[in-house]
Amino acid sequence: VGGWTLSTTSLTNTSGGNTTTISTGATAFLSGPTGAPTFTVTAAGILTATNAQQVLITQTVTTGIGLSLTRNLASAFTDSAVAAFSNTNAGDDQSVLTITQSAVASAITVVQNSASNVFSATTAGTNSIAFQIAADSLTTGYIAQFSSNSADASARYLVTIINDNAAAAGAIAFRIQQDAAAGGIDIAQNGNANAIRVVSNATTQEGMVWTMDSLTTGSGWYLTSNSADASARFLIRVVNDNALAVGTICLNIQQDAAASAFQILQNANSVGILIDTAATSSYGVQVQSDTLTSGFTLFSNNGDAFTTGGF
């Protein structure tokens, strides 16, 4: 063959500083600059490319797959991934994998047919973000959506966040920052169960804390119900469920301003305050006002509408 050199085990062509060799040896094919090939294929089927643009695949047909990697080996025959991308230079600042999707379709589709993780990530970063999504063009779409239509009744969590080291006392497990004048969390509880349930093992700390130092005419906590059902119920219920916890006050209100600490607007014809006590040698109601000078411990006003009632 013109320009090719034939030996007992190979066929070689050298031209313009480049060499291409086809061989029956361990390296079945090599091509590139003479003495430093940039593309090799071993007899075992291992392909190696070293260049700025190592592998370029351009698909012009309308059917078929641009790149397909398939493996059909049992677990005992392999200990490596089907495909691996490695950037081994710590000084590099570029992505290992970039996907650009211009079509109106998913950029990545994963079909997980086995009972294992669909996505698993391990990072050695200390002050970086392990998983980040920037969606600055959103209008009516979502940054993330998690959906399950499984009818299985087994106990489980659709989303779990775990800070698994007790020494990480500065780590917040979940944080939401809302800069717009809209809700920070919106829960639509359509099933007959708790919308929010907090189980805390804290001993000297609070189970829930609201800090609202910028309030003007808003409320720190607002609960409303417009149900017409006449069943007996409590809109707020506080229960100390252990009789030995004799130091526990069920509800404590501290008012540091010169305003009412507790206000009841009873708009219906019923009792404004009802106290049902099982005490035998204590008080049903006790008011302690040791600092009074010209005020009253108990004062009733605006009783002008009394007919047969009284105080």
### Query
Is the number of heavy atoms from other residues, nucleotides or ligands within 6.0 Å of CD (Gln145) greater than 12?
yes

### Message
Would you say that more than 12 heavy atoms from the other residues, nucleotides or ligands in this model lie under 6.0 Å from the CZ of Arg71, or not?
### Response
yes

### Task
Determine whether the side chains of Gln112 and Ser114 contain a donor N or O and an acceptor N or O closer than 3.5 Å.
yes

Measure from the side-chain N and O atoms of [X] to the backbone N and O of [Y], and report whether any donor-acceptor pair falls under 3.5 Å.
{"X": "Asn13", "Y": "Gly3", "value": "yes"}
{"X": "Gln266", "Y": "Ala268", "value": "yes"}
{"X": "Ser106", "Y": "Ile108", "value": "no"}
{"X": "Thr277", "Y": "Ala279", "value": "yes"}
{"X": "Thr34", "Y": "Gly17", "value": "yes"}
{"X": "Ser200", "Y": "Ala202", "value": "yes"}
{"X": "Asp92", "Y": "Gln94", "value": "yes"}
{"X": "Gln189", "Y": "Gly191", "value": "yes"}
{"X": "Glu206", "Y": "Trp210", "value": "no"}
{"X": "Thr123", "Y": "Gly125", "value": "yes"}

### Task
With side-chain hydrogen bond (donor to acceptor under 3.5 Å, both in side chains) as the test, would you mind laying out the steps for Asp229 and Ser231 before giving the verdict?
CA-CA 6 Å; Asp229 190 280; Ser231 303; 2.5 Å; yes

### Task
Measure across Gly35 and Pro37 and return the closest heavy-atom pair with its distance rounded to 0.1 Å.
C-CD, 3.6 Å

### Query
For Thr14 and Thr12, which heavy atoms make the closest approach, and how far apart are they?
OG1-CG2, 4.1 Å

### Task
Treat each ILVMFWY residue as a node, draw an edge where side-chain heavy atoms are under 4.5 Å apart, and state whether Ile57 and Val61 are in one component.
no

### Query
Taking it one step at a time, do Ser10 and Thr21 satisfy side-chain hydrogen bond (donor to acceptor under 3.5 Å, both in side chains)?
CA-CA 7 Å; Ser10 66; Thr21 300; over 6 Å; no

